[in-house]
2 protein chains.
Amino acid sequence: MAVTMHDVAQRAGVSIKTVSNVVNGYPYIRAETRQRVQSAIEDLGYRVNMSARNLRTRRTGLITLAVPELSLPYFAELADSVISAADTAGWTVLIEQTSASRERETDVLSGRRRHLTDGLIFSPLALGPDDIALFTVDFPIVILGERVFGAPADHVTMNNVAAAKAATLHLASLGRRRIALIGAHAGEQVGSAALRTAGYLEGLAEAGLPHDPALIGEAGLWHRSTGAEAMRRMLDDGTEIDAVFALNDALALGALHALHAHGIDVPGQVALIGFDDVDDAKYSVPALSSVDPGRDQIARTAVELLLERIGATGDPAPFRRVVPDSRIVGRESTGDVAQGQEGRLVSVQEGGIETVEVASG
Amino acid sequence: MAVTMHDVAQRAGVSIKTVSNVVNGYPYIRAETRQRVQSAIEDLGYRVNMSARNLRTRRTGLITLAVPELSLPYFAELADSVISAADTAGWTVLIEQTSASRERETDVLSGRRRHLTDGLIFSPLALGPDDIALFTVDFPIVILGERVFGAPADHVTMNNVAAAKAATLHLASLGRRRIALIGAHAGEQVGSAALRTAGYLEGLAEAGLPHDPALIGEAGLWHRSTGAEAMRRMLDDGTEIDAVFALNDALALGALHALHAHGIDVPGQVALIGFDDVDDAKYSVPALSSVDPGRDQIARTAVELLLERIGATGDPAPFRRVVPDSRIVGRESTGDVAQGQEGRLVSVQEGGIETVEVASG
DNA sequence: TTGTATGCGTTATCAG
DNA sequence: CTGATAACGCATACAA
């Protein structure tokens, strides 16, 4: 049925080994031999059987990217970047959606949902610091996000606290004094929500603004709908505000919708800034200011770290934590630029590479 | 190193075949034997080697989804749906981004970018009717979209003409008479742009409105930026309009941005409707009316058709073309609902299953 | 520079 | 119900 190396070898009048050599670009082959093999391949329409190669080499050329869901623009764009970065290096990406469910995230680690890939880039949302033990597995992992620190794996994250503080200070610098927060997770000590909220509080303190609990809007899932709801609640409560820091752009766009529905002018009455700098931010009305966490750099770094570890041969290197630079991009929603203009850089938080020594597997 | 069936068999004191039987849920095994094998598996932490199984069974459990890019919300949401549908059936999805480049789309078909998957769901954007020959391959394909008809493959599409006509008529029903189109591809006879433009023209005709070329806005790529540009050009030209039909939501959101920048009220002065009904549509300001092409149904159907064909044993079934129902969802941008309300169904175009008989491979 | 032989870990065939 | 054994298609040590 399917044509194999054998068939090619026979047709070209060489051994199977020579065909293999040609296919794999082994350099020491007589030009004429290579030519003969090539045409035999053409004629027969031969294509390498990846399953056989994978079995033999113990490697698949596939990596898994596990994210909550692709409908969330941040993760869609992240996936885009990861796939592109992997592609450049000759690797292919298989995507698992966890729906931020504990069970599915556990499955990803246990391998029940990691069919035949050589490594995993994992952005957990349900698992937390208590689950570090689950990360001790026999394949390379790169962790994304801020839910799990200290696991035996490389980690690409962002400087949430510093960036959130900068966003808050940016609003304060516009003269705003009643800065609301949308997207808080009450009681959580870990994760993006906690860190960004901490940055917000630091920012308030540094600006000499009091902390008013009425200005904290809860939103469990960071979707547009929950952002709109949280904003609506706060407005319905009659809470006085003149600025909003939404913990991500989806929330911000939802909040924007609610503000508009209440007839509130942005940025005239209320200034608004989000977090993630997704593509949508540029095209909302008004265009949304945001924190650019360096998504592309995150993706490239994650792929790089993972492939490095997959290809590692000798003594395991210590695990690394990398924090790309983040930027505050000012647009219309904070009155930083006029309509139709590009956003402009308002400030930069420098990250860097931090190597955390851990006994690595 | 890695533990194999052999090790398990040895530990359980049975043959390797029995282990295989247990792993694959073969029913006729003594309970006691099964138990012994199960615990051996547990003890040793055995996990099936997928590469070996794939080699043996000639199947990988993987399918490829090839789309232009995940940053485009429509494709991100489509990917989400496809992955979910595949997951339900126990299959995993590998995503290829083609950037709508001819070369990469060809690669997808040639298999150069189809590593070890059992089938392909392909949404081409660069290939066209002249490339049908490329679709004659030795693995199952399901084609999405409207660029390639008549290829030897199953096809899930949408009733573009009817839906676009309905969208246009909807604008006309609001009393609008200068209905602009954003996203046209001049000279193209095939693809979504051509079909939706045809529907627009039919709609104008049925509404008794004249066709004014000045109302046609070109936009090669359907991004927010190009939509904004096209809209801006038209406004700068001083073309009089009171409604806009954007050929997809990204264009519509870009156009919305440009309208807003020009101080034009939507829907007061200009009514706006998009196409795709992506998630963003609900949360723009004002919320965007759109055509819901039945994305989820498209994804489910595509996976279903593909798996059916992959699992097909005997005589090849004739190729089918499926057209899910599409709906017009009226929101604020056409004044169909008040702020903060859900969109409402304005009309439905019924699709259905059409079986096209083609000599199938 | 090229050929031979072996094994990667499974599943399938066929006895028993 | 279970066991021995032969593929599956490729890569690679080892020869030549």
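Chain A is the first sequence line, chain B the second, and so forth, proteins listed ahead of strands; every chain is numbered from 1. Here the structure is a predicted model, which means the values were calculated and not measured.
Going from atom CE of Met5(A) over to atom P of dT6(C) covers 19 Å, rounded to whole Å. Taking atom CG of Leu44(B) as the reference point, atom P of dG9(C) lies 14 Å away to the nearest angstrom. Here dC10(D) presents its C1' atom at 15 Å from CZ of Arg47(A), a figure rounded to the nearest Å. The CD-P distance, from Gln10(B) to dG9(C), rounds to 14 Å in whole Å. The interatomic distance linking Ile16(A) (CD1) with dT6(C) (P) rounds to 14 Å, in whole Å. Across the protein-nucleic acid pair, His6(B) atom NE2 and dT11(C) atom P stand 14 Å apart, rounded to whole Å. In this structure, the CD atom of Glu32(A) is 9 Å from the P atom of dT2(C), given to the nearest Å. Going from atom CZ of Arg59(B) over to atom C1' of dT10(C) covers 16 Å, rounded to whole Å.
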Give every pair of a protein N or O atom and an N or O atom of nucleotides 13-16 of chain D that lie under 3.5 Å apart, one pair per line with the distance.
none

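Phosphate contact (OP1/OP2 of dC10(D), side-chain N/O of Thr57(A), threshold under 4.0 Å): absent. Look at Arg30(B) and you'll find a side-chain N or O under 4.0 angstrom from OP1 or OP2 of dT2(D). Contact check, Arg58(A) against dA11(D): no side-chain N or O comes under 4.0 Å of OP1 or OP2. A close approach under 4.0 Å does occur between a side-chain nitrogen or oxygen of Ser15(A) and OP1 or OP2 of dG3(C).
Between the side chains of Glu146(B) and Thr157(B), at least one donor N or O sits under 3.5 Å from an acceptor N or O.
Under a cut-off of 6.0 angstrom, the local environment of CD in Gln10(A) is sparse, with at most 12 non-hydrogen atoms contributed by other residues, nucleotides or ligands.
In this structure the side chain of Tyr46(A) reaches within 4.5 angstrom of the side chain of Val23(A), judged on heavy atoms. At a threshold of 4.5 Å between non-hydrogen side-chain atoms, the residues Glu96(A) and Leu94(A) count as touching.
Ring geometry, Phe122(B) versus Phe135(B): the interplanar angle falls under 30°, so the pair is classed parallel (tilted spans 30 to 60°).
Residue contacts for Thr33(A): at a heavy-atom cut-off of 4.0 Å it reaches the sugar-phosphate backbone alone, with no base atom in range. Using a 4.0 Å heavy-atom criterion, one finds that Leu55(A) contacts the bases of the nucleic acid, with or without backbone contacts as well.
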Salt bridge (charged side-chain N to carboxylate O under 4.0 Å, His left out) assessment of Asp107(B) paired with Arg102(B): CA-CA 9 Å; Asp107(B) 285 352; Arg102(B) 212 187 137 67; over 6 Å; no
Stepwise salt bridge (charged side-chain N to carboxylate O under 4.0 Å, His left out) test for Arg300(B) and Glu304(B): CA-CA 6 Å; Arg300(B) 272 203 312 276; Glu304(B) 204 172 290; 5.9 Å; no
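Of the residues in residues 18-28 of chain A, Ser20(A), Asn24(A) come within less than 4.0 Å of DNA chain D through at least one heavy atom, sorted by number.
The OH atom of Tyr28(A) sits 16.0 Å away from the OG1 atom of Thr33(A) when rounded to the nearest 0.5 Å.
For Phe149(A) and His155(A), the ring centers sit closer than 6.0 Å to each other.
No donor-acceptor distance shorter than 3.5 angstrom exists from the side chain of Thr64(B) to the backbone of Ala66(B), with no hydrogens or angles considered.
No donor-acceptor contact under 3.5 Å links the side chain of Arg56(B) to the base of dT10(C).
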